[in-house]
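What follows is a single structure, written as structure tokens, with notes after it.
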There are 2 protein chains.
Amino acid sequence: MNRWQETEFHDQFYMTMHSPRGANASFALGAKDDGGGFLHDTATIPEQEIFIGVKKGNKITCLPFFKQADSNGEELYDQGAEAKKYENLLLKYDPSVVSRKLGFATDSWTAPGMKLEIATPVDGVPEPGKATAAEIKKAIVPAIPVKLTIDNRDGSETAHGIFGLKDLRGFYSAADRSPSELLGIITADGYGFAMDAAKYEGKVTMVGDFGPKELFSRVRPELYRLAPMGGFIVEVPPGETVTVDFVLGWYDDGFVTRGERTCKNYYTNYFSSINEVFQYAVGITDELWAEARNHDRRLEESDLNEEQQFLLAQAMHCYYASTMLFDDGGRARWVVNEGTYMMMNTFDLSVDHLFYETKYNPWAVKNQLDTYVDEYSYYDTVHSMDDPSISYPGGIAFTHDQGVFNTFSPAGYSAYELTNKDGCLSYMSHEELTNWILSAAVYFHAFGDKEWLERRKGVIADCLYSLLNRDHPDPSQRDGIMDFDSDRCGVSAEITTYDSLDASLGQSRRNLYLAVKCWASYLAIERLLTSVDQPIYAAAVREAKEAAMICAKTIVSYYDEQLGYIPALLDGKDRSAIIPAIEGLVYPDQFGMSEALAYEGEYGFFIHTLKKHFTGVFKPELCQFSDNGWRLSATSINSWMSKIFVCQYVARNILGIDFGDDQIVHDRAHAHWWKVPCHKCPGIDQIFWGYEFGRGFHYPRAITAILWLN
Amino acid sequence: MNRWQETEFHDQFYMTMHSPRGANASFALGAKDDGGGFLHDTATIPEQEIFIGVKKGNKITCLPFFKQADSNGEELYDQGAEAKKYENLLLKYDPSVVSRKLGFATDSWTAPGMKLEIATPVDGVPEPGKATAAEIKKAIVPAIPVKLTIDNRDGSETAHGIFGLKDLRGFYSAADRSPSELLGIITADGYGFAMDAAKYEGKVTMVGDFGPKELFSRVRPELYRLAPMGGFIVEVPPGETVTVDFVLGWYDDGFVTRGERTCKNYYTNYFSSINEVFQYAVGITDELWAEARNHDRRLEESDLNEEQQFLLAQAMHCYYASTMLFDDGGRARWVVNEGTYMMMNTFDLSVDHLFYETKYNPWAVKNQLDTYVDEYSYYDTVHSMDDPSISYPGGIAFTHDQGVFNTFSPAGYSAYELTNKDGCLSYMSHEELTNWILSAAVYFHAFGDKEWLERRKGVIADCLYSLLNRDHPDPSQRDGIMDFDSDRCGVSAEITTYDSLDASLGQSRRNLYLAVKCWASYLAIERLLTSVDQPIYAAAVREAKEAAMICAKTIVSYYDEQLGYIPALLDGKDRSAIIPAIEGLVYPDQFGMSEALAYEGEYGFFIHTLKKHFTGVFKPELCQFSDNGWRLSATSINSWMSKIFVCQYVARNILGIDFGDDQIVHDRAHAHWWKVPCHKCPGIDQIFWGYEFGRGFHYPRAITAILWLN
């Protein structure tokens, strides 16, 4: 029987990732009958079977994070052996007796006789080179704390708690090099778990075996190194409750990137081995738990409803799984992987992580902006689709990403963008150009970093002229909207971050979604260059301001009274309806130009029209799915969670729309997508009418939900 | 249709491994519709689809090393895309037009319009610290040469050759750091391929794409880094034949072992990057090809029949795939993995690799003997199964292995052996004790290394008293045969290398197979300590000599006239028939005591009896399978290729048995096992009535076939 055949669906069994910061590492758990386990430079959620539970009498009852109850693994190894009878039974808790609570920072599982809790970070990483070594060390220790509590108060004989994972390989004892400090197991793949030897020596035993049944059938359990399961067991005398406080840890001491740049993990500056990681982490678990409970409380006490709290908590858990903090020849370098795709610092994701990062990791935004300018920008020429053979001046643009699978692509080139490629995988020059501008403005607004602005003002001016050239080479023909594609596309055309959507959101040229981002970009440049306050930029400020107004007017001019919305392509023919027309409004809100968003302000006509647009498209027959989920484009079944979250924020907080009782109906639909059909894909972004494709996909981008918490 | 449903079976489609020396690296290819590709610290044969072929017109025809003809991969990535039509067709050569020749060192594939050749080493690695740097460098360069020839002599338009592999990740161009020297692709997993830029610039293009169809549909192929397939294409003008000479290479610069010892790859002392590996290897390909052709010729000109030549060639190809040469704190350390199981220097495999290594890698034998003494020996106590609670003095013994998955186990302990474990996975103390003694004697005989003998004579004496104690603590009750199990077994008993066989070969105590190895071990000690020639060892020499004679007499006394053979367990009850009774005779032959093997010598009665034993069991109803394969134990369907090869050598070369026309009938059965039912498991050792279990298993041990070549 698989979960779809069960009469009652227990929606707490969704996969969640538990991740330290900047280590390309996480621990996944939560889907029923499915495993999970350690990720370490791993693209998809692994399938390590996990055994966490309690043995009372001859029954070993575990949380259902493994495939088959009552199986044993030894025979698979010993090919000649006959099926063996064990006196012990391996059972799964019935789903109905398991309860789960996912907090902002913690994940707790309770079942009769046991409790499992895992805590993960919510705060960011302070700026390397500015924060103290002690602050950095604590923020980037590649370890997270876990508590396993076994309750034997009603028992009349000794119970045993078990924590074990299968598919570990090449494991050895943490005690080998820290004999009186640590009990733990480390594997050949650079991860493991450990606890304080002083506290648990004699009570907890590190074990290696084929599975829980084999383990408990031994005369005396051993750390059997050949077997696939590593873990520990803890003795719990009758009448007692025992909590084992331990940590999961990861370590890779070599060069971990290749291609254009060869970097090490930044944490290697603070920890010289996984044993050091363990010893440090074991010493601060109380502190980590206290912080985690505070974060939990903050979310619980927010005005978010229960579904929104879940969505944000799950998004938070998935973000750090994709983060990497490198030592790049002595300097810190921040990279966020594109989840399972593992493209590095995909710029159209960075612009979404921005909302979290400016609040928690601000230096990381600057860091990405700088590497994009210094390494992953280019100056191109552009063409009109009317005659692609004629090149016109283009200007600065930025690549889609900085490489893939920890392999940096050559400077000026992404891993993703392909010349002469129709649709998905083509260039995103214009989209990424707006992303740099918007990120720069949000960063500057949050920190007023004048030194950075002074250093980058020339780039900002370059961005302005690049935007203008992509509108039209002839100033008199400009309407504020992109009409010229980069020559890097070859015979194909530019696309947007909605790369696998139809033209309503997938095509860049004259796209409404991108047009509103252009408007925001012109405002951003106006704001930034005004702050530079130097005479030579006065003309640029004026041009940016004018372009923003022209852009807004052009967009409004396409409002179709009959349709009741602005069609997605501003070409006079298209009739598609999209929600992300309003997405770009989030940026002025985040870079401090709320006056541009006021219904009574200079752009009031524009904001009013976008509100009309939103109410015009946000209808069951257009931009809502039959399950009440938000449908970004009425002509596609493909919707993006991260972008839904941004647009919800814009609709509520900027356009002032009150969804009333419907709010939670939509939220419940989105929570359902993640908890039920996509339960094996934590944080997955692209959802096809409520479904994912394939198991084990994960994604960091939905952290945009952090906007709700302001 | 899968291959089992084909009406005609083409038996050239078996997987073979192509491996440099000591790099834990290989390249697998050969099974139809199955892929293969790069192994690098990898347990099983990977499933990277391989595209090697030629495009003429709109037809891309490749050797059948990929799953589906006419498939394309792009849509899998671009989730929104509709199925795309390509003008090109991806086809597989019909099996009937493909011909293959596996030589001692080369593997050649010919199909209409193309030829693929790969060369691998046969020679050993000279002794680090004694051979010159130039000699070592050439022997351990982690690269192998490949030739792809495209014949377009009958063409009227340009043809394109292609070499490509899927499931590569994070690739970048070798030219990035060697712009005018190399064309090639390197991946995040530390392997790739490269060629001389001066020779191929402008003719060969490095490409990355989703597959051959997508690649050839581009306006201009690119090295597209996000796509899963990396490779190259070569232009071949009409009327011409072009050969691309290139190399496959591997590199890992970090620490590659963990646990008890932390080592680097020894090649990092000679090559500082994979680019250096490539540049060096590209410069010596002509030399490597010349050597490979010489090795091929040597095998072809030997007196081995065609099937034997295949078996030895295939075994040779699989051996180096499992080898690792480490830099262990400055000293060279040789490790052979137990194939897919990846246990390190499994001693009961080392004693089989011995026959190859003493001839080609002699220092590696010494190296393993020394690490076994210094790190993986132990001194135990023993017990009789009559009363396991009473401990008697045991003596020195050796562990089963030195760790698993590049994780060294704690000194004195293997990864494999488990206390209180019945059958498979129990201790092999006695077996490994004989293995150390026999390896020492073979090594000393081959090299007369007096310095080593002087240093290890005490260990050899310890071995003698350990053997004697395991026979019986009371000298008067000794019969030359093991009766006492190590206390390390706990409540269980010792096993032999035939661990998953029934008691006929699996049980150590009073086992005929092990008894003959005891006899050989006593002779070995006699031989070694006689060579020490120091008065204090005179008694030991005498004791060893006496024990050998007692042992031989005991064994002969169990010959059962009625059965016509010696039962496998010398307990007066067992009636099992086994071939490996004769296995131990190979050692005196290899350590220079042929006088002990002479029918007319001191042990003539013993040798005569073992010959009678062999002819007594080697009958269709006992130790032959129904397909004419050798059946090591009449009571099991589990047979070991490596051991069949040893026993064949003993039967022919030591016992002087002439199999006449039957010889090739047996050889053909064994070749069939590897070529047909086990075609996806190169070098697989354990075969169950002609079949393997599972795909992608490989093993180094069958190199025992090298005995035939003397």
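Each chain gets a letter, A, B and so on, in the order the sequences are listed, and its residues count up from 1.
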Side chain / backbone / both / neither for T419(A) at chain B, heavy atoms under 4.5 Å: both

Segment of D502(B) engaging chain A (4.5 angstrom heavy-atom cut-off): neither

Y224(B) side chain vs Y416(A) backbone, donor-acceptor pair below 3.5 Å: yes

Tell me, for Y413(A) versus chain B, whether the close heavy atoms (under 4.5 Å) come from the side chain, the backbone, both or neither. neither

Closest heavy-atom pair and its distance - T407(B), A188(A): OG1-CB, 3.6 Å

Name the option with the most non-hydrogen atom pairs under 4.5 Å to chain A; the candidates are G259(B), S409(B), G506(B). G259(B)

Quick one: pull up CG in L418(A) and CG in D209(B) and give me the separation to the nearest 0.5 Å. 6.5 Å

Using a strict cut-off of less than 4.0 Å between a Lys/Arg side-chain nitrogen and an Asp/Glu carboxylate oxygen, indicate whether D176(A) and R258(B) qualify as a salt bridge. no

Which residue out of E222(A), M342(A), R220(A) racks up the most heavy-atom pairs below 4.5 Å with chain B? E222(A)

Side chain / backbone / both / neither for D252(A) at chain B, heavy atoms under 4.5 Å: neither

Nearest heavy-atom approach of R177(B) to E260(A) is NH2-O, 3.7 Å

Say you draw a straight line from CZ of F405(A) to CZ of F171(B); how long is it, rounded to the nearest 0.5 Å? 10.0 Å

